[in-house]
Amino acid sequence: MVSKDPAPLRRTRMDLQEIVQKRVDEMVEAELGLQVAVYQHGELVVDAVAGDGVTSESLYYAASTGKGASATVANVLVDRGILDYDQPIVDIWPEFGAHGKDKATLRHVLTHSVGLPALPPDATHESFPTLPAYLAAAEPWWEPGTKMTYHAETFGLLVGEIVRRATGRSISDVLRELIAPLGIENDVFFALPSDQRDRLIPLVEPEGAEETFTMLAGMFSKVMPPAMQPRAAGLNRPEQLAIEDPSSAILNARGIAKLYAGLIGEVDGVRLVRPDAVPVITGPALVAQDELLGNEATMALGYAIGRLGSTAEESPATFGWPGMGGSIAWADTRSGVAFALTRTLFDPSGSASAVEIGNLVAKTLC
C-alpha cells in the first residue's frame, strides 16, 4: 500500500512516470505507438507516449474501450434524473416493446442481458442509423434479464437510442456536453469530426494475424456479419470513422482516463456523478455465464468488474472495458486510480502490453 504521506506519494508518482515511460520506450519497436495515462484522486500522475508522431493529444480508434464512455453517459443521465435503470424502455421508446420486450430496462442493456446481441446479416456501418428500429422490432434471444452475452455492436446502438429518446439529442452531443467541464470534449468521440482527422494515428495490423481475425469472425458470426468485422484498413477510413458508433470510440489515453477519474471522484473541481452514486454504478449488478463466449462475467452497470489480466474476485474494486486491438481503460474505486492505454498495433490477441502496464500501475498505486 502506498504511503498517504504527501512527500513519499509524490516521489512514488514521479518514479512511476519514469518507469512507465521507460517501459513504453522499450515496447515501441513492436507496438509502433503507445499512449498511457494515469490519474489518481483527480491528478494526472502518468502521461507517457512513444512512437513516431504520437503525442498525448493524438487520437486512436480504441474499439470497445469506448463502451466505457457510452455507459458513463447513461449513468450520468440516471444520476441527474433523466433516465432510470428500472423504468421500462417502452416508456420512452414505444416500438421497443415488440416480442415481449415491454419489461426490458436500461439495467438490462447496461448488463448485456437484454437479449439483443445480433445485428441483421446485411448490416454495415452505413446502415447504423436504421439499426435501432431493427432492434426495437427484433425478438430477443431470451427474456430480458434472465441471461447475458456480450452485445459487441448492439450495446452502443441501444444506449445511443435510449439517450436520444430521453434527451432529444444524439449521444455524441450529450457526451460532449457532459465531458466539456473536464476539458476533454475533443479527446473522446463516438464519431470523428472532420476537423479532428489530422490528430488520428492510423492503425496497423501485425503480420500473421489473419488466422486470429478469421477465428474471431467465426466466434462472432451469430451476432455480427463479416462486413462489420473490425479491420485496420476500414477503421483508418475517415468516412467510416465519421459514423456515430457508441459501441466504440476514437479517443486518447489521457481523455478516457480523465473521464473515468471524473466518474469515481473529483477532477479540477468537477464530478460527473454524486459520490453516493459511484458504488451503485461500479458495484456488481449481474454475475452470469456469457451465453456466447462461455466465460463467467461479473458486470457493473455498463462495465466489466475486474482488471484486465485479473479477475473480479482478485480486483473487485476495478471496473472498465477493453477494446479489440489492445486498448483499455479502467478505474479502481478504492485507490482513486484511473488508467488507460492506447496503441497503434491493432492486434486482436494483443492485450499483453495493457496487462503489463496496468499491473505495474496497480501494484504501485492500488
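All of these numbers come straight from a predicted model, not from anything done at the bench.
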Same cluster for [X] and [Y] if Ile/Leu/Val/Met/Phe/Trp/Tyr side chains link at under 4.5 Å?
X	Y	result
Leu16	Leu341	yes
Leu308	Leu259	no
Val361	Leu263	no
Val355	Val337	yes
Ile179	Trp330	no

Candidate pair Glu143 and Lys103, rule salt bridge (charged side-chain N to carboxylate O under 4.0 Å, His left out), full reasoning: CA-CA 9 Å; Glu143 180 184 347; Lys103 294 181 181 178; over 6 Å; no
Ignoring hydrogens and angles, state whether a donor on the side chain of [X] or [Y] is under 3.5 Å from an acceptor on the partner side chain.
X	Y	result
Thr344	Tyr60	yes
Thr72	Asn75	no
Ser70	Lys67	no
Ser58	Gln35	no
Arg199	Asn186	no
Ser310	Ser315	yes
Ser170	Ser172	no
Ser56	Asp47	yes

Flag the pair [X] and [Y] as a salt bridge only when some basic side-chain nitrogen lies within less than 4.0 angstrom of an acidic carboxylate oxygen.
X	Y	value
Glu26	Lys22	yes
Glu31	Arg343	yes
Arg307	Glu314	no
Arg274	Asp276	yes

Answer whether the closest heavy-atom distance between the side chains of [X] and [Y] falls below 4.5 Å.
X	Y	result
Thr333	Val278	yes
Val49	Val24	no
Leu119	Met228	yes
Phe96	Leu158	yes
Glu291	Met148	no
Phe190	Leu251	no

Is it true that a side-chain atom of [X] and a backbone atom of [Y] form a donor plus acceptor pair closer than 3.5 Å?
X	Y	result
Thr149	Leu292	yes
Ser327	Ala62	no
Gln229	Phe213	yes
Glu205	Ala232	yes
His151	Leu116	yes
Asp290	Tyr150	yes
Trp93	Ala166	no
Asn236	Leu203	yes
Ser248	Gly66	no
His41	Ser335	yes

Should we say atom CG of Asp52 is surrounded by more than 12 heavy atoms from elsewhere, each under 6.0 Å from it?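 Open: at most 12 neighbouring heavy atoms sit under 6.0 Å from CG of Asp52.
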side-chain contact (heavy atoms from CB on, under 4.5 Å) between Arg23 and Ile357: does it pass, once the steps are laid out? CA-CA 8 Å; Arg23 188 65 188 110; Ile357 302 297; 3.6 Å; yes
Linked hydrophobic residues, Val204 as query - side chain contacts closer than 4.5 Å: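 When side chains under 4.5 Å apart are linked, the cluster holding Val204 also contains Leu32, Leu345.
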For side-chain contact (heavy atoms from CB on, under 4.5 Å), just list the numbers for Glu161 and Leu135, CA-CA rounded to whole Å, side-chain angles, deciding distance to a tenth of an Å, and then say yes or no. CA-CA 10 Å; Glu161 184 64 12; Leu135 294 171; over 6 Å; no
Given side-chain contact (heavy atoms from CB on, under 4.5 Å), test Leu157 with Tyr134 step by step and report yes or no. CA-CA 11 Å; Leu157 290 166; Tyr134 168 85; over 6 Å; no
Shortest non-hydrogen contact between [X] and [Y], atoms and distance:
X	Y	answer
Ala152	Met224	CB-CE, 4.0 Å
Ile305	Gly283	CD1-C, 3.6 Å
Tyr303	Gly68	CE2-O, 3.6 Å
Ala277	Asp79	CB-OD1, 3.4 Å
Lys222	Trp141	O-CZ2, 4.0 Å
Ile89	Leu106	CG1-N, 3.9 Å

Is the ring centre of Phe319 less than 6.0 Å from the ring centre of Tyr260?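 They qualify: ring centres under 6.0 Å apart.
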Assign the ring pair Phe155 / Trp321 to parallel, tilted or perpendicular, where the plane angle (0 to 90°) is split at 30° and 60°.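 Ring orientation of Phe155 relative to Trp321: parallel.
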Under the salt bridge (charged side-chain N to carboxylate O under 4.0 Å, His left out) rule, what do Asp268 and Lys258 come out as? Steps first, then yes or no, please. CA-CA 10 Å; Asp268 300 332; Lys258 194 172 187 180; 3.1 Å; yes
Take Arg164 and Arg169 through the test side-chain contact (heavy atoms from CB on, under 4.5 Å) and record every step on the way to the result. CA-CA 5 Å; Arg164 189 183 72 81; Arg169 304 166 62 202; over 6 Å; no
For the side chain to side chain contact (heavy atoms under 4.5 Å, CB included) test, which of Ile201, Ile250, Thr342 pairs with Leu59?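 Only match with Leu59 under side chain to side chain contact (heavy atoms under 4.5 Å, CB included): Ile250.
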